[in-house]
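The figures that follow rest on heavy atoms only: side chains count, while hydrogens, waters and symmetry mates do not. A note on names: the letters A, B, ... follow the listed sequences, proteins ahead of strands, and every chain is numbered from 1.
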Amino acid sequence: MTQRIGFCCKWIDGPSQINGIKQTDTAKEFNTGTTTVTWLKRQRTDVAEQKLWDLMTHNLNSVYKLIERVGGLNEHLRMVRISSDILPVYTEPNFGYFYDQPGVRDYAERKFAEIGRMARLLDVRLSFHPGQFCVLASDRPDVVQRSIEEFEYHAYMAAAMGYGKTFQDFKINVHIAGRAGAEGIRAALPKLSPEARNCITIENEEVSYGIDDCLDLGRDVAIVLDVHHHWVRTGEYILATDDKVKRVESSWRGVRPVIHYSCSREDILGYHDPVVMPDMFALLENGHKKQKLRAHSNFMGNKATNMYVSEFWPTFDIQVEAKGKNLASFALYEEIKNY
DNA sequence: GAGGGTCAAGTCCGT
DNA sequence: ACGGACTTGACCCTC
């Protein structure tokens with residue numbers, strides 16, 4: 001099975017674009033755009049609808065181009081998380097109607113079908129990661145209901161691309177996040193569509209719910225291990241040989257599992273030797289707040305943690321979460337491909 | 001074009 | 001009580 005390293009949501013052409021892509025940059029063509037509800041509400045209806053149409057058509061074309069481009073990479077780099085912003089304000093009460101219009105929906109579904117065909121043709125592994133507002137395990141029923149709608153928005157896009165047909169043919173990853181915990185996730189699952197249930201994965205968090213909480217759900221859903229979250233939470237570099245990791249692997253039922261890999265920001269790691277893995281307790285003693293350790297680096301600059309995470313690669317695809325996006329995942333690949 | 005204020009939504013932490 | 005952080009800072013307005 002192909003071993004993959006992927007990146008998140010955006011394509012950039014150079015390090016300067018880490019701090020934003022300019023309107024005139026060609027990278028715009030490979031990335032989604034969005035708007036705000038506030039701005040839409042200030043416009044006349046026809047202006048707001050034109051804006052949504054322009055964004056939708058741009059976004060569908062940009063995702064197509066992105067996947068085409070990723071599909072041209074080395075087979076080990078054919079994995080990408082796609083943006084949630086393809087259909088802006090889809091789940092917002094005042095503007096969601098826009099996408100119910102037949103002319104709009106037909107266009108979107110035709111483009112999604114093309115995107116999915118291209119991804120399968122070029123063997124690009126895809127995923128989504130709904131935002132922090134998608135809290136399926138909230139203790140508030142109204143929040144659970146809106147979170148299901150938000151999750152189903154992602155499942156709808158995946159299904160329109162031709163996914164959600166078999167277990168984990170597409171990954172839509174969320175955190176437990178809510179006060180109802182793992183039981184809250186378990187209670188929400190039967191309310192999801194079959195496509196959504198095929199795609200959902202649950203990821204361990206830095207603060208509230210760790211790998212043990214996720215493993216409670218290992219029979220229900222596939223578990224995503226984020227090794228950096230685990231480190232922030234516990235200070236431990238969990239090993240690929242750990243029994244918990246084996247249980248994460250088996251939750252994928254034979255599908256090649258995915259781990260998430262990120263690093264603390266360079267201005268924190270800079271205090272450490274790049275050939276020695278950062279020591280969380282030493283960092284905390286030196287006054288670095290745990291909250292700051294969570295923020296992501298531009299690149300994967302620590303050779304020791306790169307070597308550590310490469311131990312997972314024979315078994316797990318590696319989703320790199322870095323502000324350097326594709327540049328960071330390419331560099332990691334070059335570093336670990338010969339380990 | 002650059003810079004600053006703003007942005008739908010949940011939850012938790014630090015101050 | 002409020003700001004910041006999170007899956008991805010981008011966008012809009014003013015100058």
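The nearest whole Å value for the distance from the NZ atom in A/K292 to the P atom in C/dG3 is 15 Å. The NE2-C1' distance, from A/H175 to B/dC12, rounds to 13 Å in whole Å. Taking atom NE2 of A/H288 as the reference point, atom P of C/dA5 lies 16 Å away to the nearest angstrom. Going from atom CG of A/N298 over to atom P of C/dG9 covers 9 Å, rounded to whole Å. Distance A/N19 CG to C/dA10 C1': 13 Å, rounded to the nearest Å. A straight line from CG of A/L87 to C1' of C/dT8 spans 16 Å, rounded to a whole angstrom. As a whole-Å value, the separation of A/N173 CG from C/dC6 C1' is 13 Å. Distance CD (A/E206) to P (C/dG4): 18 Å, rounded to an integer number of Å.
At distances below 3.5 Å, at least one donor-acceptor pair connects side-chain atoms of A/S251 with backbone N or O atoms of A/I223.
Toward the 5' end of DNA chain C, the nearer of the two residues A/K323 and A/T35, judged by each one's closest nucleotide, is A/K323.
Between A/D13 and A/L327 there is no side-chain heavy-atom pair separated by less than 4.5 Å. You'll find the side chain of A/F170 reaches within 4.5 Å of the side chain of A/I172, heavy atoms only. The shortest side-chain heavy-atom distance between A/L215 and A/I211 falls under the 4.5 Å cut-off.
Side-chain N/O atoms of A/R294 include none lying less than 4.0 angstrom from OP1 or OP2 on C/dG4. Of the side-chain N and O atoms in A/H296, one or more sit less than 4.0 angstrom from OP1 or OP2 of C/dT8. A/W39 has no side-chain polar atom (N or O) that falls below the 4.0 Å cut-off from OP1 or OP2 of C/dA10. Within the 4.0 Å cut-off from OP1 or OP2 of B/dT11, at least one side-chain nitrogen or oxygen of A/R140 is found. For the OP1/OP2 pair of B/dT11 and a distance below 4.0 Å, the side-chain nitrogens and oxygens of A/S138 include at least one atom meeting the criterion. Dashed line: the shortest gap from a side-chain N or O of A/K289 to OP1 or OP2 of B/dC13 is not under 4.0 Å. Distances shown here put every side-chain N or O of A/S147 at or beyond 4.0 Å from the OP1 or OP2 atom of B/dA9. Look at A/K51 and you'll find a side-chain N or O under 4.0 angstrom from OP1 or OP2 of C/dC12.
Among the nucleotides C/dA10, C/dT8, C/dC6, the one closest to any side-chain atom of A/A295 is C/dC6. Comparing C/dT8, B/dA8, C/dC12 by their nearest atom to the side chain of A/E321 picks out C/dT8. Comparing C/dC11, C/dT8, B/dT11 against the side chain of A/C8 picks out C/dT8 as the nearest. The A/D85 side chain lies nearest to C/dT8 when the options are C/dT8, C/dC6, B/dA8. The side chain of A/T91 has B/dA8 as its nearest neighbour among C/dC11, B/dA8, B/dG10. Residue A/V135 places its side chain closer to B/dT11 than to any other of B/dC12, B/dT11, C/dC12. Candidate nucleotides B/dA2, B/dA8, C/dA5 were compared by shortest atom distance to the side chain of A/Q291, and C/dA5 ranks first. Nearest to the side chain of A/V89, among B/dA8, C/dC13, B/dG10, sits B/dA8. Distance from the side chain of A/Q23 is smallest for C/dC11 among the nucleotides C/dA10, C/dC11, B/dC13. Residue A/T38 places its side chain closer to B/dA8 than to any other of C/dG9, C/dC11, B/dA8.
Results of the side chain to side chain contact (heavy atoms under 4.5 Å, CB included) test with A/C214 over A/I185, A/V221, A/I202 single out A/I202 as the only residue that passes. For the salt bridge (charged side-chain N to carboxylate O under 4.0 Å, His left out) criterion with A/E206, the lone passing option out of A/K290, A/R294, A/K292 is A/R294.
A gap of 15 Å separates the C1' atoms of B/dC7 and C/dC6, to the nearest Å. A gap of 15 Å separates the P atoms of C/dG4 and B/dG4, to the nearest Å. Using atom P as the reference point in both C/dG9 and B/dT11, the two lie 23 Å apart (nearest Å). Taking atom P on both nucleotides, B/dA8 is separated from C/dC13 by 13 Å, rounded to a whole Å. When the P atom is compared between B/dT6 and C/dG3, the two are found 11 Å apart, to the nearest whole Å.
Pair assignment for B/dG4 gives C/dC12, based on Watson-Crick or G-U wobble hydrogen-bonding distances that are each under 3.5 Å.
Linking Ile, Leu, Val, Met, Phe, Trp and Tyr whenever their side-chain heavy atoms come within less than 4.5 Å puts A/V70 and A/L60 in one cluster.
Contacts of A/R265 with the nucleic acid, taken as non-hydrogen atoms under 4.0 Å apart, are absent. If you check every strand for non-hydrogen atoms under 4.0 Å, A/H260 touches nothing. Backbone-only contact: A/S208 has heavy atoms under 4.0 Å from sugar-phosphate atoms and none from a base. No contact: A/K290 has no heavy atom under 4.0 Å from any strand. Within the 4.0 angstrom heavy-atom criterion, no nucleotide atom of any strand lies near A/H154.
No donor-acceptor contact under 3.5 angstrom links the side chains of A/Y153 and A/S84, judged on distance only.
With centres under 5.5 Å and a plane angle under 30° as the test, the ring of A/F133 is not stacked against the base of B/dG10.
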